[in-house]
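Every number for a ligand or one of its atoms is a count from 1 in the order of the listing. Worth knowing before you read on, the calculation uses all heavy atoms, side chains too, and leaves out hydrogens, waters and symmetry mates.
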Amino acid sequence: MKLCMIGTGYVGLVSGVCFSDLGNDVICVDRDLKKIENLKKGIVPIYEPGLDELVIKNYRNNRLKFSTDLKDSVSKSDIIFICVGTPTKKNSSGADLSQIYNVAKEIRSSISKFKIIITKSTVPVTTGDEIEKIISQKISKKLFSVISNPEFLREGEAIRDFTYPDRVVIGTNDKKSNKILKNLYSPLISKGAKYLNTSRRAAELIKYASNAFLATKITFINELANLCEKIDVNIEDISIGMGLDKRIGGRFLRAGPAYGGSCFPKDTKAITNTGDRFNTNLSVIKSVIKSNENRSSLLLKRVFDILKGKIKNKKICFLGVTFKANTDDMRDSSSLSMIPSLIKKGALINYFDPSGEKLDFKKIRNVSFSKNINSAIKNSDLIIIHTEWNDFKSINFKKEVQNKNFKIFDMRNIYSSTKMKELKIKYFGVGR
Ligand SMILES: NC(=O)c1ccc[n+]([C@@H]2O[C@H](COP(=O)([O-])OP(=O)(O)OC[C@H]3O[C@@H](n4cnc5c(N)ncnc54)[C@H](O)[C@@H]3O)[C@@H](O)[C@H]2O)c1
């Protein structure tokens, strides 16, 4: 099939590349000229395990193309996926849909034969109705069908998640388009993915409801971790004990820093905004948002306690600054608020992240980047394990840290407290 992905970011690039790997002809379009020029040279703009190889393989096979010409790409394709950003609006909790509606306006002049137009971006309920309205101002409704097909991939696991999804959700009442999409996704369905056809509005809501529920699980276990710290109970036991119940499930039930990233913070806000718009108070999700916003201050308070209130001139090393492991994405990472707060109190921050140095910290005084783990931790008073890259899982702290009184605050509970005790390392985890 001939596909066009509009927006070549985490979602558009990964899904475009994977669709091409399944044998489709795919054009990935972006308005960012540099990004497209780099991709043509095999330079992939994001860190995602396995992506580089797939980009190069499918680009060489000529099944994958990159372009900045949206109109030409749309006119050559039968199925158009909209994969642009839907960030939070500046002065409201709602989603900013300007990129989506701009695309709807741009594509309508290139529709001269039937096209399926799909929102893969996460969009609030009724956005599909609005896209249909915008396009039908210029084009007969017989020439296009607007469908919701939310994407559930996770950064860091994106290729696996795309190729082996739990479910494919297609929101449409149009039988003909549904049949075409079932065919497009048939290689994934034959590997076990459940195919779910719903109304367009239901598909739009399924995505937000899923993200809000996962954010709730994380926040729930984070709050229980706060309690565990006060009653000498290990949160890991609680997570395992709860997770073994199949009705609950063990995933997204590990205590740690505030959830961040490009999806949960903005999507939890957007769904409560939709609730308000339709006079429905989504009070559970609203309290999740509040609790999560408070999480970084709670963890910072623990840092102060660990350092006995003496932060000034303390050398604090962050291992990992992205919002989670195996991604280079800094969007809404809790390190973005924690590091500046520590700097304000006089700390000297050194960090290492396997995905490289971050622009976000370049201009902050007293924040420096180390090129490897050993030089990052070498002179530290406190080492904060902020994300759980495999690289951080077997560090010989005793050998590498030269400061004898160093402490570790493991925000991901990677290490065993018992082993750390045996090694006589001052070690603090979360919820234990
Ligand atoms: N990142 C994730 O893990 C993830 C997972 C599932 C769903 N989503 C959703 O998918 C959507 C995209 O997210 P992302 O993280 O891929 O965003 P992103 O910011 O990484 O990529 C969006 C891309 O769209 C391009 N773009 C914007 N307007 C354009 C236009 N008119 N023409 C061509 N290109 C244009 C931008 O230049 C950018 O490269 C969002 O709604 C997000 O919520 C993201």
Checklist entry - How are the rings of Y415 and Y427 set relative to one another: parallel (under 30°), tilted (30 to 60°) or perpendicular (over 60°)? => result perpendicular

Checklist entry - To which of D161, V29, V84, T86 does the heavy atom nearest atom 11 (C) of ligand 1 belong? => result V84

Checklist outcome for this item: Candidates I46, V11, D329, N211; heavy atom nearest atom 8 (N) of ligand 1 found on V11

Give the atoms of ligand 1, by number and element, whose distance to some non-hydrogen atom of [X] is under 4.0 Å.
X	answer
L70	32 (N)
C83	12 (C), 22 (C)
S262	1 (N), 2 (C)
E106	31 (N)
G7	23 (C), 24 (O), 25 (C), 34 (N)

Among protein heavy atoms, which sits nearest to [atom], and what does the distance come to when rounded to 0.1 Å?
atom	value
atom 15 (O) of ligand 1	R331 NH2, 3.0 Å
atom 21 (O) of ligand 1	G9 CA, 3.2 Å
atom 27 (C) of ligand 1	Q99 OE1, 3.1 Å
atom 37 (O) of ligand 1	D30 OD1, 2.6 Å
atom 5 (C) of ligand 1	L153 O, 3.4 Å
atom 34 (N) of ligand 1	R31 N, 3.2 Å
atom 9 (C) of ligand 1	T122 OG1, 3.5 Å
atom 6 (C) of ligand 1	E151 O, 3.2 Å

Item to check | Backbone N/O of Y47 and side chain of D328: donor-acceptor pair under 3.5 Å | outcome: yes

Checklist entry - Is there a donor-acceptor contact under 3.5 Å from the side chain of K120 to the main chain of V11? => result no

Can we say [X] and [Y] salt-bridge, meaning some charged N sits less than 4.0 Å from an Asp/Glu carboxylate O?
X	Y	result
K113	D78	yes
E130	K133	yes
R247	D245	yes

Next on the checklist: Testing D129, T126, T172, N173 one by one against R200 for a side chain to side chain donor-acceptor pair (under 3.5 Å), which residue passes?
Outcome noted: D129

Checklist entry - Any luck finding a side-chain donor-acceptor pair between K182 and N197 under 3.5 Å? => result no

Next on the checklist: Please tell me whether D69 and S67 have a donor and an acceptor in their side chains that are separated by less than 3.5 angstrom.
Outcome noted: no

Decide whether an N or O pair under 3.5 Å exists between [X] and ligand 1.
X	value
D267	no
K35	yes
K266	yes
E155	yes

Checklist entry - Taking side chain as C-beta onward, heavy atoms only, is Y59 less than 4.5 Å from F66? => result yes

Checklist entry - If every non-hydrogen atom of I306 is compared with every non-hydrogen atom of K407, which pair is closest and at what distance? => result O-NZ, 2.8 Å

Checklist entry - Where is the tightest heavy-atom contact between M5 and G16, given as atom of each residue plus distance? => result CG-CA, 3.6 Å

